[in-house]
Amino acid sequence: MTPADLSRTVLHAVRRAVDENALRAPVPARVRVERTRPGGSGDYACAVALQLAGPAELPALEIARILRERVAAEPGIGRVEITGPGFLSFTLDAPSDSDLAVLDAVREQGIAYGHGGALRDQILQFHHAREVRAAVTAHAVRRLLISQGARVRISCDEAGDPEWSRLGVTVDAYGTPPVPLPRIRPVPAGTTAGELLERLGADAVRWGLLRPAGHDRAPLGDDLLVQGEANPLFRVRYAHARARALTRGAAALGFTSEPGDSLEPVAHEGADPTAHKGAALAPYESAYAAHTGAEPLAHAAATPSPHPDPPARPLLDLLADHPGVLLAAARHRAPDRVARQLEAVAHAFFDFHDSCPPLPSGDEKPSAAHRSRLALAEAAGTVLAGGLSLLGISAPAHL
């Protein structure tokens, strides 16, 4: 059960309670569930009982009890507890099934994972000044809203800078709107698109303009071009490239992340099968070691263990939360939330990668553990590519 599944399950319980006259309150449009904070109980928590207490004219604890008995019997729910003033805490049954559901969703939806129809009834238009950061932000906001089903138009005070097209920016209309429109107003960049493009290039410019929150100044120094761990853009794009390299390395060893795939490495006449791994990944391993200080994968210890490996948990959680992050970013017109999510995914990917190598080392043969680790690494790469695409930034397979 994914977080979205759990949200729908709780909403269904509320609707049943209202239909059965056990609860007299308007059914909310959606129910928000969040991961339990450190020290809390269960896997997820929900404050819907507190939300309904006023309209239902009942104590939140009583509403929580009404909903608990309806949610607890649903498939995928292991335990439901009531904590504090009326929070519902959920422990999911068979967490590995939930993890597999997330990985299956990423595999099936590709870079569109996290897109949805929550805003499909909205028709919006935004207006911005003739300024590069406002233009790039408005374009990213439009991409986010469209990914959630909304229809969006963008207008600008006056004719746009011709250099905007090199940043992928499009504007639907120019001039003063006949009626007031919501405005996209980030802190101006203080320079022109042409100057930024000449110095940094399109991808670094878009990241530099979108990564800070709109009310913060955008740092646009040459550090955006640094090919090292200290540069978040490089780290995100390198994590994506690394994930793609793992897929190529696995193919050279004769296996994939597909559940039904054979785990026997391909034998090449007169050659050591493990040699193909080194040939496929050597450039990436040396670059990874140079930029992060980590030991190259070819020398890392690999002790297969049943999936999920404990270091996989943070990465799995981030992938499960990704659709909610995209929806929140669209609702709040905040592409910086997507950038921060991508940084977190990249960080968790490298932590997982270093602790649980997805490829066998030395004369070790591919195992089921390697296949499951590869599936998680590939899912992370897909999410990174999709998030960068929404920001208008390329995700090269080789870096």
(request) Write down the atom of A17, the atom of L67, and the distance for their closest heavy-atom approach. (result) CB-CD2, 4.3 Å
(request) Would you kindly say whether R373 and S257 are connected by a side-chain donor-acceptor distance under 3.5 Å? (result) no
(message) Applying a strict under-4.5 Å side-chain criterion to I, L, V, M, F, W and Y, I'd like to know whether I146 and L391 cluster together.
(response) no
(message) For a quick check under 3.5 Å, do S89 and E81 share a side-chain donor-acceptor pair by atom type?
(response) no
(message) Test of understanding: with ring-ring contact (aromatic ring centres under 6.0 Å, His included), list the residues that count as partners of F90, not counting sequence neighbours.
(response) none
(message) Looking at every non-hydrogen atom in both residues, tell me the closest pair between L61 and P85 and how far apart they are.
(response) CG-O, 3.5 Å
(message) Can you tell whether the side chains of D121 and R151 come within less than 4.0 Å, N to carboxylate O?
(response) no
(request) Please say whether more than 12 non-hydrogen atoms of neighbouring residues, nucleotides or ligands are located less than 6.0 Å from CZ in F87. (result) no
(request) Taking all heavy atoms of V141 and all of I184, pick out the closest pair and write down the distance. (result) CG2-CD1, 4.4 Å
(request) Treating Ile, Leu, Val, Met, Phe, Trp and Tyr as nodes and any side-chain heavy-atom pair under 4.5 angstrom as an edge, say whether L145 and L181 lie in one connected cluster. (result) no
(request) Apply salt bridge (Lys or Arg N to Asp or Glu O under 4.0 Å) to R313 and D99, showing your working. (result) CA-CA 9 Å; R313 185 76 267 150; D99 296 336; 2.7 Å; yes
(message) Side chains of T9 and H12 only: does a donor on one sit below 3.5 Å from an acceptor on the other?
(response) no
(message) Can you tell me which residue among L119, L327, L390 is in a side chain to side chain contact (heavy atoms under 4.5 Å, CB included) with L144?
(response) L390
(request) Supply the members, apart from V226, of the Ile/Leu/Val/Met/Phe/Trp/Tyr cluster built from side-chain contacts under 4.5 Å; use none for a lone residue. (result) none
(message) Whether R15 and D19 form a salt bridge (side-chain N of Lys/Arg under 4.0 Å from carboxylate O of Asp/Glu) is what I want to check.
(response) no
(request) Drop me the distance from R235's CZ to R242's CZ, to the nearest 0.5 angstrom. (result) 13.0 Å
(request) Using only heavy-atom distances, determine whether the side chains of R183 and H128 contain a donor-acceptor pair under 3.5 Å. (result) no
(message) Under a 3.5 Å distance rule, please check whether S372 uses its side chain to pair with a backbone N or O of A369 as donor and acceptor.
(response) yes
(message) Under a 4.0 Å threshold between the charged nitrogen and the carboxylate oxygen, would E195 count as salt-bridged to R199?
(response) yes
(request) Can you label the angle between the F350 ring and the H353 ring as parallel, tilted or perpendicular, going by 30° and 60°? (result) perpendicular
(message) Against R133, only a single residue in L210, L209, V205 fulfils side chain to side chain contact (heavy atoms under 4.5 Å, CB included); can you say which?
(response) L209
(request) Taking side chain to side chain donor-acceptor pair (under 3.5 Å) as the test, write out the residues that go with E343, two or more places apart. (result) R211
(message) When you compare the side chains of D157 and H127, does any donor N or O come within less than 3.5 Å of an acceptor on the partner?
(response) yes
(message) Taking the basic N atoms (NZ, or NE/NH1/NH2) and the acidic carboxylate oxygens, is any pair closer than 4.0 Å for R16 and E74?
(response) yes
Which atom pairs, one a donor and one an acceptor, fall under 3.5 Å between side chains of residues 20-29 and the rest of the protein, sequence neighbours left out?
residue	atom	partner	partner atom	Å
E20	OE1	R70	NE	3.2
E20	OE1	R70	NH2	2.7
N21	OD1	R24	NE	3.3

Atom pairs and distances, side-chain donor-acceptor, residues 161-172, under 3.5 Å, sequence neighbours left out:
residue	atom	partner	partner atom	Å
D161	OD1	E163	N	2.8
E163	OE1	R166	NH1	2.7
S165	OG	P162	O	3.0
T170	OG1	R142	NH2	2.8
D172	OD1	R142	NH1	3.4
D172	OD2	R142	NH1	2.5
D172	OD2	I154	N	2.8

(message) I'd like to know if V31 and I77 are part of one continuous hydrophobic network [Ile/Leu/Val/Met/Phe/Trp/Tyr, side-chain heavy atoms within less than 4.5 Å].
(response) yes
(request) Step through the shown structure and confirm whether more than 12 heavy atoms of other residues, nucleotides or ligands are within 6.0 Å of CD on E57. (result) no
(request) Looking only at non-hydrogen atoms, find the nearest pair between G392 and R143 and report the distance. (result) CA-CZ, 4.1 Å
(request) Determine the minimum heavy-atom distance between S394 and D203, stating which atoms define it. (result) OG-OD2, 2.5 Å
(request) For E69, look at atom CD and say whether over 12 heavy atoms of other residues, nucleotides or ligands are found less than 6.0 Å away. (result) yes
(message) Can you give me the closest heavy-atom contact between R120 and G117, atom names plus distance?
(response) NH1-O, 2.6 Å
(message) Quick test of your reading: applying salt bridge (Lys or Arg N to Asp or Glu O under 4.0 Å), list the pairs with at least one residue in residues 390-399, sequence neighbours left out, ordered by first then second residue.
(response) none
(request) Verify the neighbour count for atom CZ of R32: are there more than 12 heavy atoms of other residues, nucleotides or ligands below 6.0 Å? (result) no
